[in-house]
*Asks:* 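Starting off with a structure, shown below.
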Amino acid sequence: MAGQADLIDDADAQRAAAATPKIRSRKDGAAVAMDDVDRRLLNLMQGRFPIAARPYAHVAQLAEISEQEVMARVTHLLEKRIIRQVTPIFDTRALGYSSMLVAAKVDPDNPHRAAKVINEHPGVSHNYLRNHEFNLWFTIATEPDSELGLQGTLDVLARDSGAESVRQLPT
């Protein structure tokens, strides 16, 4: 990582490794072939994926394929990074949370340091680098009983990440 001292201790090395960006590279080019079943699975998982003991069985029934095939296809799509993760996304407003899309202007020579700080907050669900003056965009939600609230939380994240400026973009 640019700008690191030649001699660093183990803790610094671990922090640097954690801040290393994931590089998206595909051995066979930019596109990954998906068939109609893959596309249907992605649509079903985004809109009809239940919270259940065997959610893939439910998706399999809707897709009219076996549960094992669903799991094999999802595993393949995860390995090829078409799917980054399978996690629930809750309606934060329905649960009383405050949420916001945020654009931050952070050090362009070391944006991953700021991203690491921001990603440590449990309410941050997405965080992306952008080719823009505001080069780090993330979504955040704060609990209804948050002591700092959304604005206070953003103030702390801006300070701790070294952001020069932060813009709230209501969703």
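Just so you know, these numbers use all the heavy atoms, side chains as well, and skip hydrogens, waters and symmetry mates. From a predicted model like this one, the values you see are computed outputs, not experimental measurements.
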*Asks:* Within the structure provided, determine whether Leu157 and Val166 are in side-chain contact (heavy-atom separation under 4.5 Å).
*Replies:* no
*Asks:* Check whether Val70 and Ile82 end up in the same hydrophobic cluster, where Ile, Leu, Val, Met, Phe, Trp and Tyr are linked by side-chain heavy atoms less than 4.5 Å apart.
*Replies:*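 Yes, it is one cluster - the side chains of Val70 and Ile82 are joined through contacts under 4.5 Å.
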*Asks:* In the single-linkage hydrophobic clustering (I, L, V, M, F, W, Y; side-chain heavy atoms under 4.5 Å), do Leu150 and Leu136 co-cluster?
*Replies:*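 They do share one cluster, since a chain of ILVMFWY contacts under 4.5 Å joins Leu150 to Leu136.
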*Asks:* Quick one: NE2 on His121 to CD1 on Ile140, what's the gap to the nearest 0.5 Å?
*Replies:*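 Between His121 NE2 and Ile140 CD1, I get 4.5 Å after rounding to 0.5 Å.
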*Asks:* Other residues, nucleotides and ligands only: do more than 12 of their heavy atoms fall within 6.0 Å of CZ on Arg130?
*Replies:* yes
*Asks:* Heavy-atom count around Gln61 CD within 6.0 Å, excluding the residue itself: above 12?
*Replies:*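 Incorrect, the count does not exceed 12.
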*Asks:* Nearest 0.5 Å, what's the CG-CG distance between Asp155 and Asp160?
*Replies:* 11.0 Å
*Asks:* Rounded to the nearest 0.5 Å, what separates atom OG1 in Thr153 from atom CD in Glu143?
*Replies:*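 Result: 9.5 Å between the selected atoms.
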*Asks:* Considering non-hydrogen atoms only, spot the tightest contact between Leu129 and Pro111 and give its length.
*Replies:*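 Distance-wise, the nearest heavy atoms are CD2-CB, 3.5 Å.
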*Asks:* How long is the straight-line distance from CG of Asp107 back to CD of Glu164, given to the nearest 0.5 Å?
*Replies:* 9.5 Å
*Asks:* Taking CG in Asp35 as the centre, count heavy atoms belonging to other residues, nucleotides or ligands within less than 6.0 Å. Is the count above 12?
*Replies:* yes
*Asks:* Let me confirm one number: the OH-CG distance from Tyr56 to Leu44, rounded to the nearest 0.5 Å.
*Replies:*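 Tyr56 atom OH to Leu44 atom CG measures 12.5 Å (nearest 0.5 Å).
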*Asks:* What is the minimum heavy-atom distance between Pro108 and Asn135, and which atoms define it?
*Replies:* CA-ND2, 3.7 Å
*Asks:* Under a 4.5 Å side-chain heavy-atom rule over Ile, Leu, Val, Met, Phe, Trp and Tyr, are Val37 and Met34 clustered together?
*Replies:* yes
*Asks:* Are Leu95 and Ile51 joined in one hydrophobic group, where the rule is that I, L, V, M, F, W and Y side chains link up if heavy atoms are under 4.5 Å apart?
*Replies:*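 In one cluster with Leu95: Ile51, yes.
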*Asks:* Do any N or O atoms from the side chain of Arg113 and from the backbone of Ser161 form a donor-acceptor pair under 3.5 angstrom?
*Replies:* yes
*Asks:* Could you tell me which non-hydrogen atom of Ile118 sits nearest to which non-hydrogen atom of Val124, and how far apart they are?
*Replies:* O-CG2, 3.4 Å
*Asks:* State yes or no: do Val106 and Met100 share one hydrophobic cluster built from I, L, V, M, F, W and Y residues joined by side-chain heavy-atom distances below 4.5 Å, directly or via other members?
*Replies:*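 Yes; Met100 is reachable from Val106 via cluster members.
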*Asks:* Let me confirm one number: the CG-OG1 distance from Leu154 to Thr142, rounded to the nearest 0.5 Å.
*Replies:* 8.0 Å
*Asks:* How close do Trp137 and Ala103 get, counting heavy atoms only, and between which atoms?
*Replies:*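 Heavy atoms of Trp137 and Ala103 come nearest at CE2-CB, 3.7 Å.
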*Asks:* Compare every heavy atom of Arg84 with every heavy atom of Tyr128, then report the nearest pair and how far apart it is.
*Replies:* OH-NH1, 2.9 Å
*Asks:* Given side chain to side chain contact (heavy atoms under 4.5 Å, CB included), test Val74 with Val59 step by step and report yes or no.
*Replies:* CA-CA 11 Å; Val74 169; Val59 172; over 6 Å; no
*Asks:* Where is the tightest heavy-atom contact between Ala63 and Leu41, given as atom of each residue plus distance?
*Replies:* CB-CD2, 4.0 Å
*Asks:* Output yes when a side-chain donor or acceptor of Arg40 lies under 3.5 Å from a complementary backbone atom of Leu62, and no otherwise.
*Replies:* yes
